[in-house]
Chemist: 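Below are the structure tokens for one structure; questions will follow.
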Amino acid sequence: QVQLVDIGGGLVQAGGSLRLSCASSGRSFTMYTMGWFRQAPGKEREFVAAINWSGGSTRYADSAQGRFTISRYNAKNTVYLQLNNLKPEDTAVYYCAATWRVVLTTLADDYAYWGQGTQVTVSS
């Protein structure tokens with residue numbers, strides 16, 4: 001069983017930055033591909049970014065490419081999402097997730113474990 005705890009959300013002005021963190025319990029952190037998703041009010045949950053077990057491979061949604069950076073620090077069982085140049089349309093609850101799949105899947109259904117989510121609000 002894996003438990004994930006997301007922190008780091010908040011209120012920021014457009015153009016600002018935030019760093020989200022997701023801490024994982026358990027000793028098998030390196031066995032998981034980790035992902036970040038977000039869900040805005042009235043919208044479906046959407047893929048943001050994913051990173052493989054070593055951190056050597058990443059994948060981003062088009063909306064995140066060039067502005068967001070996913071990374072992981074396996075010694076601390078933690079994955080991060082750096083959010084730069086934030087826009088009002090980035091406002092959402094952000095969730096980290098873990099999957100056994102080796103491929104950097106963008107499908108929410110492929111992820112078995114989820115954090116509780118952290119709110120990111122970007123004002124214009």
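Below, all heavy atoms of this structure are taken into account, side chains as well, without hydrogens, waters or symmetry copies. A quick note: this is a predicted structure, and the numbers were derived from the prediction, not measured.
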Chemist: Please find the pair of heavy atoms, one from G35 and one from Y111, that lie closest to each other, and give the distance.
Modeler: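 Closest heavy-atom pair between G35 and Y111: N-CE2, 3.7 Å.
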
Chemist: Between Y95 and G117, which heavy-atom pair has the shortest distance, and what is it?
Modeler: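 Closest pair (atom of Y95, atom of G117, distance): CD2-CA, 3.5 Å.
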
Chemist: Supply the atom-to-atom distance T33 OG1 to I51 CD1, rounded to the nearest 0.5 angstrom.
Modeler: 9.5 Å

Chemist: Would you please say whether a donor-acceptor pair under 3.5 Å links the side chains of S17 and N84?
Modeler: yes

Chemist: Will you find, in the side chains of D6 and T118, an N or O donor that is under 3.5 Å from an N or O acceptor?
Modeler: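 The answer is no; no qualifying pair exists.
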
Chemist: Y80 and V2: same hydrophobic cluster, using ILVMFWY side-chain contacts below 4.5 Å?
Modeler: no

Chemist: Determine whether a donor-acceptor pair (N or O, by modelled atom type, separation under 3.5 Å) exists between the side chain of T121 and the backbone of T91.
Modeler: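 Looks like no, no N/O pair under 3.5 Å.
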
Chemist: Tell me whether the count of non-hydrogen atoms from other residues, nucleotides or ligands lying under 6.0 Å of CD in Q3 goes above 12.
Modeler: no

Chemist: Decide yes or no for T69 and L81: does some side-chain heavy atom of the first lie under 4.5 Å from some side-chain heavy atom of the second?
Modeler: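 The answer is no, as the side chains (C-beta and beyond) never meet within the 4.5 Å cut-off.
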
Chemist: Between F68 and V120, is there a shared hydrophobic cluster once you connect ILVMFWY residues whose side-chain heavy atoms come closer than 4.5 Å?
Modeler: yes

Chemist: Write out all pairs satisfying salt bridge (Lys or Arg N to Asp or Glu O under 4.0 Å) with one or both partners inside residues 34-52, taking only residues at least two apart or from two chains.
Modeler: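 Applying salt bridge (Lys or Arg N to Asp or Glu O under 4.0 Å) to every pair that reaches into residues 34-52, excluding sequence neighbours, yields R38-E46, R38-D90.
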
Chemist: If only atom types and distance count, is the side chain of Y60 paired as donor or acceptor with the main-chain N or O of I70 below 3.5 Å?
Modeler: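 At least one qualifying donor-acceptor pair exists.
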
Chemist: Over 60° means perpendicular and under 30° means parallel, so tell me whether F47 and F37 are parallel, tilted or perpendicular.
Modeler: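 Answer is perpendicular, since the angle exceeds 60°.
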
Chemist: Could you check W100 against Y32 for ring pair (Phe, Tyr, Trp, His ring centres under 6.0 Å), going step by step and ending with a plain yes or no?
Modeler: CA-CA 5 Å; W100 289 104; Y32 295 97; 4.6 Å; yes

Chemist: Short question: side chain of R59, backbone of N52 - any donor-acceptor pair under 3.5 Å?
Modeler: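 Not confirmed, R59 side chain does not pair with N52 backbone.
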
Chemist: Give a yes or no on whether the backbone of F29 and the side-chain of N74 come within a donor-acceptor separation of less than 3.5 Å.
Modeler: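 Absent.
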
Chemist: Drop me the distance from Q82's CD to R67's CZ, to the nearest 0.5 angstrom.
Modeler: 12.0 Å

Chemist: Hey, could you give me the OG/CD distance between S63 and E89, rounded to the nearest 0.5 Å?
Modeler: 9.0 Å

Chemist: S124 and A14: which non-hydrogen atoms are nearest, and at how many Å?
Modeler: CA-CB, 4.4 Å

Chemist: Roughly how far apart are Y113 OH and S25 OG, rounded to 0.5 Å?
Modeler: 10.0 Å

Chemist: What distance do M34 atom CE and T78 atom OG1 have between them, rounded to the nearest 0.5 Å?
Modeler: 9.0 Å

Chemist: Are Y94 and V79 in one and the same hydrophobic cluster, where Ile, Leu, Val, Met, Phe, Trp and Tyr link if side-chain heavy atoms are under 4.5 Å apart?
Modeler: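 Shared cluster, yes.
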
Chemist: In this structure, would V122 and V48 fall into the same cluster of hydrophobic residues linked by side-chain contacts under 4.5 Å?
Modeler: yes

Chemist: For R101, does the CZ atom sit with more than 12 other heavy atoms under 6.0 Å from it, leaving out its own atoms?
Modeler: no

Chemist: With rounding to the nearest 0.5 angstrom, report the NZ to OG distance, K76 to S21.
Modeler: 10.0 Å

Chemist: Apply the test side-chain hydrogen bond (donor to acceptor under 3.5 Å, both in side chains) to residues N77 and S24: give CA-CA distance (whole Å), side-chain angles for both, the deciding distance (0.1 Å), then the verdict.
Modeler: CA-CA 5 Å; N77 287 1; S24 171; 5.2 Å; no

